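Have a look at the structure below before the remarks.
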Amino acid sequence: MFSEKALNLEEHELRETARALPPPLKHQYQLLEQRHLKRPSTYRALNWVFPTGIHHFYLRRWLRGLITLSLTLGGLYLVYASQTSAFGLMVLMVVVVIEIPQLLNARHLVHSCNNRIMAQCLEQVQHAPQAPQQEPAP
C-alpha cells in the first residue's frame with residue numbers, strides 16, 4: 001500500500017524545502033504545520049474505540065468515512081430492527097474486514113496524510129502575499 005522508504009523520502013524533501021524558506025515564512029510554515037499535522041495514536045484510538053469510520057474523518061477522508069459509517073449504521077439497523085439479522089451481521093463483518101488493514105497500516109496512512117498536509121502548508125506559505133517590509137522611521 002505505502003512504502004515507508006518512499007514516505008520518508010517525500011517527508012525529507014518537504015522538510016528540506018521548508019528549511020530553505022526565509023525566516024518569517026519558515027515560522028509561518030511551522031505554525032501551520034503544528035496546527036494541522038495528525039497523530040497516528042489518535043487515528044488508532046479512534047479506529048479501536050469507534051470502529052464505525054470516525055477515524056477516516058480525522059484524516060479528512062470524508063467519502064470513505066461516510067461510506068463506512070453508513071454501512072455500519074445500516075448493518076446495526078438490520079441486526080436490531082428487522083428480521084434480516086444475518087444480513088446485518090454480514091454487512092458488519094464486511095466493514096470489520098475492510099477496516100482491519102486501516103488499523104494495521106495506521107502509521108503509514110497518517111504519515112502519507114501528514115506529507116500531504118506539509119505540502120499544502122508549504123504551498124500556502126509560498127503563495128501567500130508577502131506583507132510589505134516596514135522601513136525604520138527617521
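Please read all numbers here as calculations on a predicted model, not as lab measurements.
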Value rounded to 0.5 Å, distance of [atom1] in [X] from [atom2] in [Y]:
X: Leu103; Y: Ile100; atom1: CG; atom2: CD1; result: 8.0 Å
X: Thr17; Y: Gln126; atom1: OG1; atom2: CD; result: 7.0 Å
X: Leu76; Y: Leu71; atom1: CG; atom2: CG; result: 11.0 Å
X: Thr68; Y: Leu73; atom1: OG1; atom2: CG; result: 10.5 Å
X: Leu122; Y: Ile117; atom1: CG; atom2: CD1; result: 12.5 Å
X: Leu37; Y: His111; atom1: CG; atom2: NE2; result: 10.0 Å

Quiz question: by atom type and distance under 3.5 Å, do the side chains of [X] and [Y] form a donor-acceptor pair?
X: Gln124; Y: His36; result: no
X: His55; Y: Gln102; result: no
X: Arg116; Y: Ser112; result: yes
X: Glu10; Y: Asn115; result: yes

May I ask whether [X] and [Y] are part of the same hydrophobic cluster, defined by side-chain heavy atoms of I, L, V, M, F, W, Y residues being less than 4.5 angstrom apart, directly or through others?
X: Trp62; Y: Ile54; answer: no
X: Ile67; Y: Phe87; answer: yes
X: Leu21; Y: Leu14; answer: yes
X: Val97; Y: Met90; answer: no
X: Tyr80; Y: Val96; answer: no

*Applying side chain to side chain contact (heavy atoms under 4.5 Å, CB included), run through His56 and Leu109 and close with a yes or a no.*
CA-CA 10 Å; His56 294 298; Leu109 288 167; over 6 Å; no
What heavy-atom pair brings [X] and [Y] nearest, and what distance separates the two atoms?
X: Val79; Y: Ser85; value: O-CB, 3.7 Å
X: Leu78; Y: Gly88; value: CB-CA, 3.6 Å
X: Phe57; Y: Gly65; value: CZ-C, 3.5 Å
X: Arg64; Y: Ile98; value: NH2-CG2, 3.4 Å

*Ignoring hydrogens and angles, tell me if any N or O in the side chain of Asn47 forms a donor-acceptor pair with the backbone of Tyr43 under 3.5 Å.*
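No.
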*asked:* Strictly distance-based, threshold 3.5 Å: is any side-chain N or O of Lys26 a donor or acceptor partner for the main-chain N or O of Arg19?
replied: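 The answer is yes, because a donor-acceptor pair under 3.5 Å joins these two groups.
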*Do Glu123 and His127 pass the side chain to side chain contact (heavy atoms under 4.5 Å, CB included) test, and can you show the C-alpha distance, the side-chain angles, and the key distance before you say yes or no?*
CA-CA 6 Å; Glu123 187 174 321; His127 293 96; 3.5 Å; yes
*Evaluate the side chain to side chain contact (heavy atoms under 4.5 Å, CB included) criterion for residues Glu13 and Leu9: first the C-alpha distance (whole Å), next the side-chain angles of each, then the deciding distance (0.1 Å), finally the verdict.*
CA-CA 6 Å; Glu13 291 170 359; Leu9 180 61; 3.8 Å; yes
*Would you mind checking if Arg15 and Glu33 are paired as a salt bridge, meaning a charged N to carboxylate O distance below 4.0 Å?*
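Salt bridge present between Glu33 and Arg15.
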*Are the side chains of Leu25 and Tyr29 in touch, meaning some heavy atoms are under 4.5 Å apart?*
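Not in contact.
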*asked:* I'd like to know whether CD of Glu16 has more than 12 heavy-atom contacts from other residues, nucleotides or ligands below 6.0 angstrom.
replied: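 Enclosed: over 12 neighbouring heavy atoms sit under 6.0 Å from CD of Glu16.
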